[in-house]
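Reckoned from all heavy atoms, side chains included, excluding hydrogens, waters and symmetry mates. Numbers restart at 1 for each chain; the letters A, B, ... are given by sequence-line order, proteins then strands.
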Amino acid sequence: MSRVLPFLFVGVVLAIWEAASRSGLWSPLLFPSLARILDQLMLFFSRAEMLAEARVSLERALGGFALAALAGILLGMVMGRSKALGELLDPLFSGTYAVPKLALFPIFIFVFGIGSLSKVALVFLECLYPIVIMTAHGAREVNRALLWSAQNMGASRATILRRVVIPATAPFIFAGFRVALPVAMIVVVITEMVASADGLGYQVIYALSSLRTDRMLAVVIVIAALGYLLDKALVLARDRLIYWEKLDTYYV
Amino acid sequence: MTRILLSVLSLVFLGDALAQTPPLIRLGRGFAAEEQVWLMSARPDLAPNQGKRYQLKQILFQANPERFQAFLAGELDAGTAPGLAVIFARAQGMDMKIVASVCLEAKGEQYFTTTYMVKDDGPIKSVKDLKGGTIGVVGIKTATDLWARAGLINAGLVPDKDTKVVPMAFPVIGDAVRTGKVSAGTFVEPFYSAESAKGGLRKLFTAVDAVGYDHELLDIFFGEKFLKAHPDAVRAFLSDYVAVTKYYLSNMEQAKRDLHKAGFVRTPIEIYLKNADWKRDPNARVDVESLKKLSTFMHEKLQWLDKPVNVDSMVDQSFLPK
């Protein structure tokens, strides 16, 4: 039953949409029927150039995310395990976390150009924050008993880092990844909507400018599906890599 | 007894007052080149029918899709929009009609026409040199996009393939061209005058060069339901609109000062007063032939339309003063 429930919920939402579309209360141009959206979805998958647009967006999102993951783990570890560096960098990250980095996009265009680089750079910046903050938090929270035990057994600092700190921080790193990955998709789509000649964001704005809400919603569904698949892949990787830390929630 | 009598009398008068309230026109406006439309709200004394035969509420929109979505949602009765945007809307079956012209892209020293500029000391000497480059427009499937593509096609280039067309905001286009982030950019007033004054840019082609003829830029549209329900209000509105257009054309400096004072224009007043203006027909008549040519171009050359649009049925000038 628990496996059926999410699909049931989606089914109810779709039924409400279809009923609203057929009610005649709203223009079909604003509220297209599911059949029209499905038609556009089929059209999307039947055209190679549309799949290429999806690939462009994915490359930008994953490129920025990968760079943020590398830099974020490094920075987070340093901030979490070094008191002096933590005190130095913490105010910088917590003070600028809430800044909407998208507002900086025009500056990024001037620095990195209008192509992919400015978009990847903005994805990197937006993804960096959750990864750094979660990693730093995890690195600070490593169980002292584990660290003392390793020290008592004569482990070097490098061994303690590799065998104790990194594995203990890994769940936090993946938590940061799970926050950052959808952010990467959102940022890439928005930047493509603002200034781009390709990508899924460009397709969204192109469909909107053509007053084709059905086509726009089909692209939105593709974006949502990609986000869902990326998240599922990340969870799968997490479960494989951190096999000792399975989530076991007890619901009261 | 007196109370009951007073209540009945007040109800009668209230009903009478409601019956006499003129229809409200909710008009979606833009932020450029619509001076005479804005003037109707900035200087209501120039529109004698306003408040008597119709009421006017202008609502600002940054882009056409949002304006049309508001229209579809029943939040607007009318609006200003580029002729080509109305062609798009009609192609999707939206029940709207162009009833008057706002301004045109036209040749002539006295008129401003949207201009595409490149870096003055850059390698691009003709449109052909844009091969492999990028051209900045203000939005996808907007008039600026159409002219850019028309210019490229005229030069034998294939838009998107030979030259990328990217959307960017007007205020950043000047620096984007100067720093080489885009090869060419679209300039409209007041950005054209401001950026030309800074120097470092050179004209490559204009909107009129691109399509080869004078044509409608902005028009006023009304929903067909509103036209049927309130024809007298529309006639009164357009009568005022034509009067205000004539006033604007013969008292441009004062009108611009009034618009600036009322906050419709944020450009520094000294720059705004010097700007050349688009061509405006004093009688607000629509150049239907130019819309037909644009529609054909959109359908045949750009493949922006799945099928041709019947422009004659899209324009109704019968509400304009005779």
Side-chain angles (χ1 to χ4, degrees), chain A residues 20-21 23-32 36 39-40 43 47 49-50 52-53 56 102-119 121 190-217 219, chain B residues 63-75 84-96 133-143 145-146 148 159-161 163-169 171-173 175-183 185 223 298 302-306:
Chain A
S21 170
S23 69
L25 290 171
W26 297 282
S27 163
L29 287 176
L30 269 185
F31 236 107
R36 281 181 61 185
D39 274 352
Q40 290 300 322
L43 202 66
R47 291 170 62 191
E49 66 267 27
M50 297 308 273
E53 302 282 2
V56 166
L102 272 168
L104 306 175
F105 189 49
I107 299 168
F108 276 62
I109 290 178
F110 277 104
V111 177
F112 299 110
I114 206 158
S116 288
L117 201 55
S118 55
K119 294 161 187 74
I190 292 175
T191 53
E192 286 169 352
M193 285 173 75
V194 174
S196 185
D198 50 17
L200 291 173
Y202 174 79
Q203 290 305 321
V204 167
I205 206 76
Y206 192 88
L208 267 178
S209 303
S210 315
L211 298 170
R212 294 299 302 263
T213 314
D214 52 348
R215 195 171 295 168
M216 185 271 286
L217 288 171
V219 181
Chain B
N64 301 320
E66 288 80 0
R67 202 172 335 189
F68 288 152
Q69 280 159 6
F71 175 78
L72 281 170
E75 296 299 315
L84 77 92
V86 182
I87 291 171
F88 271 131
R90 288 286 294 198
Q92 297 305 322
M94 280 172 70
D95 58 341
M96 52 168 54
T134 310
I135 187 161
V137 301
V138 80
I140 297 303
K141 287 196 170 181
T142 59
D145 189 8
L146 180 140
D160 297 329
K161 191 179 163 208
T163 309
K164 281 190 175 181
V165 183
V166 289
M168 356 179 43
V172 302
I173 293 180
D175 284 333
V177 175
R178 279 194 198 87
T179 55
K181 295 292 181 278
V182 291
S183 322
M298 288 161 72
L302 300 179
Q303 278 90 47
W304 278 0
L305 302 172
D306 295 333

Value for CD (Gln92(B)) from CG (Asp214(A)), rounded to nearest 0.5 Å, stands at 8.0 Å
Quick one: of Ile205(A), Leu208(A), Val194(A), Leu29(A), who has the most non-hydrogen atom pairs under 4.5 Å with chain B?
Leu29(A)
Value for CD1 (Ile140(B)) from CD (Gln203(A)), rounded to nearest 0.5 Å, stands at 10.0 Å
OG1-CD distance between Thr213(A) and Gln69(B), expressed to the nearest 0.5 angstrom
6.0 Å
Answer yes or no: is there a donor N or O on one side and an acceptor on the other, between the side chain of Lys181(B) and the main chain of Phe110(A), under 3.5 Å?
yes
Roughly how far, to the nearest 0.5 Å, is the CG atom of Leu30(A) from the CE atom of Met94(B)?
8.0 Å
Toward chain A, the part of Asp95(B) with a non-hydrogen atom under 4.5 Å
neither
Output for pair (Glu49(A) CD, Asp160(B) CG), nearest 0.5 Å, gives 11.5 Å
Does any backbone or side-chain atom of Ala73(B) lie under 4.5 Å from a heavy atom of chain A? Answer side chain, backbone, both or neither.
both
Can you say whether Val172(B) sits under 4.5 Å from chain A via the side chain, the backbone, both, or neither, judging by heavy atoms?
both
For Ser116(A), enumerate each residue passing the side chain to side chain donor-acceptor pair (under 3.5 Å) test, keeping only those at least two apart in sequence or located in another chain.
Arg60(A)
In chain order, what residues pass the ring pair (Phe, Tyr, Trp, His ring centres under 6.0 Å) check against Tyr206(A), with sequence neighbours excluded?
Tyr202(A)
For a quick test of reading the model, state the closest non-hydrogen atom pair linking Pro65(B) to Ser209(A) and the distance between them.
CG-CA, 4.0 Å
In terms of heavy-atom pairs under 4.5 Å with chain A, the winner among Thr134(B), Asp175(B), Asn64(B) is Asp175(B)
Report the distance from atom CE of Met168(B) to atom CD1 of Ile109(A), rounding to the nearest 0.5 Å.
5.0 Å
Could you look at Ser196(A) and say if it's the side chain, the backbone, both or neither that has a heavy atom under 4.5 Å from chain B?
backbone
Under a 4.5 Å heavy-atom cut-off, does chain A meet the side chain of Ala89(B), its backbone, both or neither?
both
Taking all non-hydrogen atoms of both residues into account, name the closest pair between Val166(B) and Ala197(A) and its distance.
CG1-CB, 3.6 Å
